[in-house]
Structures are given as structure tokens and as C-alpha cells.
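See structure below.
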Amino acid sequence: MTRPFIARGRPAFRVALTLSASLAASSASAQVVSEPVEPTEIRVVGKQDPAGLLPDQKVPRAQSAISADFIVKQAPTLNAFQLVTLLPGANVASSDPYGLSTSSSLTLRGLGQDEIGVLMEGAPQNDIGYYYAYPSQFADPENLKRISLAQGSVDIDSPTLGGAGGLLSLALDDPKARPGALVDLSLGSYAARRGFFRVDSGTIGNTGLKAFLSYSNTRADNWRGAGFDTRQHIDAKLLNEWGAGNRASLALSYNDANSSSYPSPTLAEWNAQGRDFNYDKRYMAGNTNYWRLYRAPFRNLYASAPVHLVLTDRLALDTTTYLQFGYGNSPYGTQLTTEGNFLGTEELAQPIALPGAVDGVATVLGNYTGDQMRTGNVSKLTFKTGVHTLTAGLWFDYGTDRVTQSYTSIDADGQSFDRWGYRSKAIRTADGRLLAYENQRTVTVTKGFFVADSIALTPRLTIDAGFKGVNVLRNGHNYLPGPQDKVRNDSFAALPRAAIHYRIDDRQQLFANITTNFRTPNEFTLYNSYYGGEVVVQGTNALKNEYSVSQEIGYRFIGEQLSASVTGFHYKFRNRQLATVLDQGGAQVNATLNAGGQTSYGVDAEIDYRPVAGVSLYLSGEYLHARIDDDLPVGADFLPTRGKDAVSSPTVQFGAGGIYDDGRFFGSVASKYIGRQYASFMNDERIKGYATLDLSVGMHLADWLDGKRTDLRVNAINVTDPHVLAGVQSVSTNARDTLGRNGTVIAGAPPAYYIGSGAAVMATISRAF
């Protein structure tokens, strides 16, 4: 079997290759005790919102948020990553102006999205196998009342693995107390069209129950190259509130998408072709670069059932049960031969049947399919006695991940017989077995416990202390013939933390914290990788957990017209794990680099000024100093990486935004500058800094019509249209040939990059009934 080719830029989904090395990068602090569950105030900018773009915070950690009023002024297709771009530390590389493609990334303080926990209604959205979360699958923006971003921390009760980079939390809007409906219709550049429909039941009889159900349908052509994206999405929420603070809800989010991946060039390819680096528009016999071979279908269902019960005036129970299903394919074009193939280490004696083969060679669709299920529960009791607020809880999570790389025949026009990559329809060996380059199933069981105490020493001074223990057990089966059958990894992490919060007066706060975080190596590090009948990468369970200690110290001011926050942070990592994509025999495959120590420190700041009613002006910034502590082992030598800048870690970022709403006209502006970023550990290749600008203008038409909410708005996305590389898609150890510490010439490999998205305009009319 010839080695499959996976073109740069396909959605990273399930391929994994593991390297052992060592690097450590900053992790951020987490709050010791989660915020108490209470009704969330939704303040509307304009004549009603004194909080502007910086909602009030009281937690002893760095945390930013955007409210529904800012979200509703943005283009309705933007995903959660794009919506938080303005916030301190958020480095978003988006290949698609509409946020539909999976070719995007988010880093916080230099830590990638596989290090960032994502929750929706308290339920994890991250993949259980390799920790990524895809924002294009999240809830529709019209249903979000708040997005919170903790730039380097997770709550002690968060059901997340690998949250050293921070926590992104999405809260769905509650169903309305009165029956109603909302319709949004949008048209935009690149033949974009979108319809959104939401119905609220209102309070149902005397039950106290209320619910909403929404559906959206989106289609847009690729802004560069051939292809188009489609997305259908359903959100629903059922809520009941009773007594003095009791609350139970069920939230559902279903996504069905067929997304294009944008190819990611090397720097040389970018300099030679620029935005013309695309998949081919037309199919010719033998062409593996045809755009239809790189469209990724995915279906996902997320369910969350958070419950808050007030048991006594001192005791409360919080419990969240969640469920996640997902199936998808990240396909690519490749070629197979009828003879000379291997299945694992077994040479196939008989030729395989390949429809359309010419001289024993056929172009086929290479499938990278993942079939995943995840369920779990996190529960805690909170008891108040005297000056103490005691918390104790348990977390259990069970997930299965079935990963297969198989092959499907295509017709003479380049159309696949099965774009989903189902095993039942894939190419088989002569004796009926599935022809696969990778074929495995992993079960991951996570058990955790946590205890914490929040001590109110005075009405102004609170000290928090807590401890969390997490055990992660992975059991897997490699179905390919060869020396490996069963795999297993069992690890435990002890995670103490502490924080202090002091309220100087009604407007000023001081806080500080120290937090520990960990990340278990992803499941693909366990498995062998085969090529040509040989083991080319040895699976291992010997990789150590990434472990970090982080500190924050900060100041907040919350005023009537001015709010501000500044936070200093410091991180120390051991066994820093970095996700990347490597070229292995022509295929672009996910890899984990475990490369030692890293130290980071810096400052985050944001300020919001509200000079008059309806106007909010916002500024944010970050300074980041991230350095590699160790030389990187490569073979029998070491790359001289000690003291180099960490990859994907811009030294400076600045954001500027504003919103205006006088009750008749409204608008927003959002601009972000990202400084230069290195793409290799040796710092021998980097991309330049760049800036983006988004604008929106709109009118409230209710007073001119029948008094019911009717809004018309136009969003201009990335209006300056800079031709830039927006981020690093795959890092490398060294881009150029480098002399190792022991005198060996270590061959370089070029990194690959995301091409920054082009400009787009979208018009939306919104009508409430």
C-alpha cells in the first residue's frame, strides 16, 4: 500500500504520530472555587448597558467576557473563536471570514487550542482523544448570552483535560417567559446565505417549564479557490426554576456540516503563489489535489443537563450530566496500487481490486474517520458555615474513540462513492479485510475529585485553597496486523491551588493566585505507525504528563464610566507537549512534541470607557515573554533551542473596539494587531505581524413599523483585506539545516501556515414575533 498523501491544511482530526523530546510553556492560573450559580444579568449596550465591552468580574483570576449585545452586532456566522478575538491574549488565526471552515486556531498566552478547555452549559466540547474543539460546531450566536474567557485557568470543578491554556465558556440564552419567535435572514459575499429561526414556548401552563428551539441553515462559497461550505444547526433548551434558587435545564446542540479545508502553504509556497495556493478546480485522471477530495463532513450532538438544588440555607448541590456524539471524515486525495501493499506489517500476497485503476494505479479518497462517544457527570456539594464556604465534588467521564484511515473509490469525475468514509463501503483486501493505514479503538476513563475552602476573613478579604486529583486511564486496541495489539496508559495528577481576593472598596479589587495544571499525552501517542510493513514510529506509554505551575497577580477597577483590569502572569512547564503536523513519507500527520521546559511571563490589560449612554470604547493588550528552557533532542543529538522564543507566541498583541447604540442607530468596530510569531523551535522562520478590522452598522426599525423588534445591519469583515499569513498551522523543530550540539547536521523541515481570510460583507435583517 502506497503511503497516503494528506495535503496541508486539511482539518486536523485523527492522525497521530508521536515524537519524544521536551519543551515547557506557560500555563495559567485557575480559580479555586467556581462562581456561585445565580441568574446572569444580561446588560444591553445602548441606553441600558453600563458595562460596555468589559462586564464586571469578581473572580480571583484573569477573566474576560463578551455579552449578547456585542455578539448580536457581529456577523451571524462568526464562531466563538472569532468573537473573542478582541480579548487579551486571544490569538485567532482564521482562514475563513465566515468561520465555517475548520482551518482555524486559537492560542492563549502562546498555548494552543489543544491546551484550552471549552465548555458549553458546563459540558466539555473538547475531543476526548486529542483535546481539540471546533468552534464551527458550537451553538449559533443568536442563542448565546455570554462567552467568558479565562486566559490561563479552569475552575476546579471544570470537567476538562489539558486546560493549562485557559477556559472558554459558552452560556446559552434562557428560554423566554412569553411565547415568541425570531427570524434572521442574511446574504453576503461569496454567495453566502443564511436563515435562522427560533421559537420560544413561554411558560407552559402551571408547570414552570419553558423552552426554545432554533434551526439555522448556512451556505457560502469558498472565498479563495473552488468549493463551498454548508452547515445545518439545531439548538434547544428546556428550563425549570422553582423555589428559592432551584434550577434545572437540558441543553442540546446538533451540528451537521460539510466543510472545506483551505490548504496551508510553506513560506516558500506562499512567497511563490500567495492566495493562489489552492486545491484544483477541475478533476483530471490521477489528480489527488482536486477540491472535492478535501471536503469534510461532520455530525455532532452535544447535550448538557445542569441542575442546581438549594438543599438548605447552607447546603447546595450542583450536578451536570453530559453526553457527546460525533462522527466525521477528514478526507484527502491519494493513490493506491493493486500490488505491493501492506496491512500493518503484513505483506498482502494477493492484489486488491481498485475500480478505475490504470497500469495498476488508482486515485482514491483517503478517509480519516472518527466515531466518538463521550458521557460524564460532575457533581459538587457546597456548604457554608461561619466564614467558610466548603466545596467537595466528584467527576467521572467515559469516552470511546474509533479511528480509521481507510480508502474509498472515486468515479471518472473525481466524485467519491462515499464521502463519509464508512467502513462498510471502503476498499477491502482480497480476503475481505478492511484496507487501512490506521485502525484502532480507544476507551478513556477519567475519575476526579476536588475539595476547596473559600474563607471570608473579613467582608473585603477572601482566601481560597483547593486540591484536585485526576486519574486518566486509556485502554486501546490496534486492529492492524503487527507486534502491537492492546495498549494501556494509566496516570494520576495532583493539582493543588490557592487564591486571594481583596476588595479595596466598592470599585477596586486586588487578586492573586497560584495554580497547577496537567495534560496527559493524547491517545495517538500509544499506537504504532506502520509504513511499508515496518514500524516507523513506536507507540509508547512512557511519555510523562505535561505539568505546569502558574501564578497571577491582578488589579480591577469597576466604575460607572470606566472599567479596567491588569494582570501579571508567570508560568513554568515540565514536559511541555506541543501539537503539530509533520510530513511523514508524504503524509501530513498530527504529532506530539514533548520537548522539556518552558518559562513564560507577561501582562494582560483591558480598559472600557463609556463616556455617554450608548457608547463603549474598549482597548486590550498583552506582552508575552515565552522562552524554551532546554535543548531539543533529535536522534542522538540536540538542537540548540535553549533560550529561543516559543513558537506561536507573539510578544505583543493589541485590540481596540467600540459599540454604539442610541436606540435607533447602532454599530461596532473591532480591530486586532498580532505581533510576529516564530514557527520553529530554532527561530529560523517566522511570520510578520498583521492587523484586522471589522465594522458593523445597523438600524432599529421597530418604531417605524409595528413596535416589534426589527433590526437591519451590515457587517464588513476584515475590511482592510491584508494579504498575510495569519498563524502557524504546523510548527517544525528547525526550518533550515542546523548543526546540533554534538556536531550532527540536523535536516530542516518547513513549517506550514494559515492564510489569513479575505474581506467579506454580510447584510442581516432580524425580526421578532
Side-chain angles (χ1 to χ4, degrees), residues 11-14 79-81 102 113-140 143-144 147 154-155 157-163 167-172 231-238 249-257 259 296-307 319-330 368-379 394-404 420 440-448 470 472-476 519-520 522-524:
F13 189 67
R14 289 290 190 273
N79 62 52
F81 287 0
T102 54
Q113 68 192 68
D114 63 323
E115 300 264 17
I116 300 168
V118 180
L119 301 179
M120 186 180 72
E121 292 291 289
Q125 308 293 288
N126 302 77
D127 180 279
I128 190 62
Y130 67 109
Y131 312 126
Y132 273 78
Y134 289 113
S136 59
Q137 299 171 358
F138 299 166
D140 280 325
N143 296 324
L144 295 175
I147 304 177
V154 297
D155 297 321
D157 59 349
S158 293
T160 58
L161 290 173
L167 183 68
L168 182 70
S169 299
L170 288 74
L172 287 182
R231 178 182 186 266
Q232 296 186 85
H233 192 88
I234 296 172
D235 291 324
K237 188 173 182 179
L238 178 67
S249 64
L250 173 64
L252 301 173
S253 187
Y254 172 77
N255 195 72
D256 185 340
S259 303
F298 285 87
R299 288 176 181 152
N300 307 83
L301 174 65
Y302 301 94
S304 177
V307 177
T319 180
T320 299
T321 301
Y322 54 86
L323 180 65
Q324 177 186 128
F325 290 104
Y327 182 88
N329 186 17
S330 293
Y368 227 93
T369 59
D371 189 356
Q372 188 169 109
M373 184 282 295
R374 183 179 186 183
T375 186
N377 174 272
V378 58
S379 298
L394 298 172
W395 172 34
F396 176 79
D397 186 288
Y398 178 89
T400 63
D401 193 15
R402 184 73 163 90
V403 177
T404 308
W420 286 94
Q440 62 205 36
R441 181 179 185 270
T442 310
V443 175
T444 302
V445 179
T446 304
K447 300 176 183 178
V470 181
V472 181
L473 172 64
R474 296 194 196 272
N475 281 303
R519 180 185 185 275
T520 299
N522 67 46
E523 68 182 46
F524 306 107

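This is a predicted model, so every value here is computed, not measured.
Minimum heavy-atom separation, A123 to A303: CB-O, 4.3 Å. Annotation for G122 and P159: closest pair O-CG, 3.6 Å, computed over non-hydrogen atoms. Across all their heavy atoms, P124 and Y302 have their closest contact at O-CD2, 4.4 Å. When every heavy atom of V378 is checked against every heavy atom of D157, the shortest pair comes out as CG2-O, 3.4 Å. The shortest non-hydrogen separation linking P135 to A80 is CB-N, 4.1 Å. E121 and S249 get closest at one heavy-atom pair: OE1-OG, 4.3 Å.
Taking 4.5 Å as the limit, some side-chain heavy atom of V445 sits within range of a side-chain heavy atom of F396. The shortest distance between side-chain heavy atoms of E523 and V403 falls below 4.5 Å. Inter-residue side-chain proximity for V118 and F138 is flagged as met; some heavy-atom pair is nearer than 4.5 Å. Within the 4.5 Å cutoff, no side-chain heavy atoms of R402 are placed close to those of T400. Considering only heavy atoms from C-beta on, L252 stays 4.5 Å or farther from I234 through its side chain.
Between the D127 side chain and the G129 main chain, a donor and an acceptor come within less than 3.5 Å of each other. A distance-only check finds a donor-acceptor pair linking the side chain of N377 to the backbone of T320 [under 3.5 Å]. Checking side-chain atoms of T375 against main-chain N and O of Y322 turns up a donor-acceptor pair under 3.5 Å. With hydrogens and angles disregarded, a donor-acceptor distance shorter than 3.5 Å links the side chain of N126 to the backbone of Y131. H233 places a side-chain N or O within 3.5 Å of a backbone atom of Y254 that can act as its donor or acceptor partner. Although no hydrogens or angles enter the test, the distance criterion places no donor-acceptor pair under 3.5 Å between the side chain of Q372 and the main chain of G370. N143 places no side-chain N or O within 3.5 Å of a backbone atom of D235 that could act as its donor or acceptor partner. Proximity of a side-chain donor or acceptor of T444 to a complementary backbone N or O of G399 within less than 3.5 Å is not detected. Using modelled atom types, no side-chain atom of Q324 and backbone atom of L301 make a donor-acceptor pair closer than 3.5 Å.
Aromatic ring pairs are classed by plane angle as parallel below 30°, tilted from 30° to 60° and perpendicular above 60°; the pair Y130 and F524 is tilted.
Ionic pairing of R374 and D397 is present here: one or more N-O contacts between side-chain nitrogen and carboxylate oxygen are shorter than 4.0 angstrom. Using a cut-off of 4.0 Å between Lys/Arg side-chain N and Asp/Glu carboxylate O, D114 and R519 are scored as salt-bridged.
The side chain to side chain donor-acceptor pair (under 3.5 Å) test with N255 is passed by exactly one of R299, R231, Q232: R231.
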